[in-house]
Asks: 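Structure in structure tokens, see below.
The model shown is predicted, which means the values in this text are computed figures rather than measured ones.
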Amino acid sequence: MSGALSLAVLAGCDQVSPPQSLALPTPGASLMFRVRDGVFSQPTLELTLINRAGRLRSDVGDIEPMGPPANLYLTADDWVVLIIGKDIAMFDIDADRRPQAIPAEHRPKAATSSWTYVGLVLPREDGQLDIFSPTDLERYGHHG
């Protein structure tokens with residue numbers, strides 16, 4: 001799905017929710033999310049970044065039902081930024097090379113006004129995710 005933020009959620013091993021999508025203004029790039037249910041640990045949010053040059057799968061952290069949302073941004077350099085509470089993960093999705101994680105020493109510590117807000121991922125109590133685009137959030141009176 002070119003130019004779309006594709007979000008797929010897995011709860012446990014056998015249950016898969018229907019994919020949800022959010023527009024991403026980078027041609028040929030998409031993201032997929034899933035929640036891996038930990039039997040003896042906290043559920044983990046897994047992100048797969050896909051572009052024309054390849055894909056990268058990364059565990060971006062523990063996620064709590066009804067916990068803090070994951071805010072998604074896109075930088076001018078085609079970096080996807082995921083902020084969950086105080087944790088930040090950044091990935092380069094430039095179409096000319098495979099997606100790659102940005103090392104911590106190269107990441108800014110906070111969002112800047114030059115980043116484009118692309119959405120919000122909210123963990124629900126039932127282990128699924130709600131996905132909101134900026135348009136959805138404006139409709140409900142919230143802003144990223």
Side-chain angles (χ1 to χ4, degrees), residues 1-12 15-38 41-144:
M1 221 186 295
S2 177
L5 193 58
S6 302
L7 302 144
V9 180
L10 297 178
Q15 298 177 350
V16 179
S17 70
Q20 301 176 41
S21 63
L22 247 161
L24 183 66
T26 301
S30 63
L31 304 178
M32 288 182 11
F33 286 91
R34 72 178 188 164
V35 174
R36 283 196 329 220
D37 227 351
S41 64
Q42 191 76 3
T44 301
L45 184 62
E46 182 183 274
L47 168 65
T48 302
L49 300 101
I50 303 163
N51 69 11
R52 289 178 235 161
R55 64 178 52 216
L56 172 71
R57 183 174 299 145
S58 178
D59 288 341
V60 292
D62 293 342
I63 192 163
E64 299 175 33
M66 303 302 290
N71 287 287
L72 296 163
Y73 297 87
L74 186 66
T75 72
D77 298 322
D78 284 332
W79 289 6
V80 169
V81 182
L82 181 75
I83 300 174
I84 304 173
K86 294 181 181 181
D87 296 326
I88 185 170
M90 296 184 85
F91 303 91
D92 184 348
I93 58 163
D94 184 292
D96 295 333
R97 57 187 170 270
R98 277 186 84 214
Q100 58 187 354
I102 304 298
E105 63 269 14
H106 296 294
R107 299 180 202 154
K109 300 297 180 209
T112 70
S113 61
S114 65
W115 294 359
T116 302
Y117 188 69
V118 293
L120 177 89
V121 179
L122 185 65
R124 295 190 330 213
E125 193 170 358
D126 64 2
Q128 300 297 305
L129 299 174
D130 283 329
I131 312 301
F132 298 96
S133 70
T135 303
D136 294 333
L137 293 172
E138 284 179 24
R139 189 176 315 129
Y140 295 115
H142 299 286
H143 304 280

Asks: Could you tell me if the side chain of Y117 sits less than 4.5 Å from the side chain of P134, heavy atoms only?
Replies: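 Yes, close enough: below the 4.5 Å cut-off.
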Asks: To the nearest 0.5 angstrom, please state how far the CG atom of L72 sits from the CD1 atom of I84.
Replies: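 Answer for the CG-CD1 pair, L72 versus I84, is 9.0 Å.
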Asks: To the nearest 0.5 Å, how far apart are CD1 in I83 and CD1 in I88?
Replies: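 Here the rounded value is 4.5 Å.
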Asks: Atom CZ in F132, atom CD in E138: separation rounded to 0.5 Å?
Replies: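 Here the rounded value is 14.0 Å.
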Asks: I'd like to know if the side chain of R55 and the backbone of L49 have a donor-acceptor N/O pair within less than 3.5 Å.
Replies: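 It does not hold such a pair.
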Asks: How long is the gap from CH2 on W79 to CG on D94, to the nearest 0.5 Å?
Replies: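 One gets 11.5 Å once the value is rounded to the nearest 0.5 Å.
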Asks: Determine whether N71 and W115 make a side-chain contact, defined as any pair of heavy atoms from C-beta on separated by less than 4.5 Å.
Replies: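 A side-chain contact under 4.5 Å is absent here.
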Asks: Hey, is the main chain of A53 close enough, under 3.5 Å, to the side chain of N51 for a donor-acceptor pair?
Replies: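 Yes, because the side chain of N51 sits within donor-acceptor range (under 3.5 Å) of the backbone of A53.
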Asks: Show your working on side chain to side chain contact (heavy atoms under 4.5 Å, CB included) between L74 and V80 and close with a plain yes or no.
Replies: CA-CA 5 Å; L74 186 66; V80 169; 4.2 Å; yes
Asks: Quick one: closest heavy-atom pair of P69 and L122, and the distance?
Replies: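 Looking at all heavy atoms of both residues, the shortest contact is CB-CD1, 3.8 Å.
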Asks: To the nearest 0.5 Å, what is the distance between CG on L56 and CZ on R98?
Replies: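 It is 6.5 Å, given to the nearest 0.5 Å.
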Asks: Looking at I102, is its backbone amide N or carbonyl O close enough to the side chain of D92 to form a donor-acceptor pair, meaning the two atoms are under 3.5 Å apart?
Replies: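 The answer is no, because no donor-acceptor pair under 3.5 Å joins these two groups.
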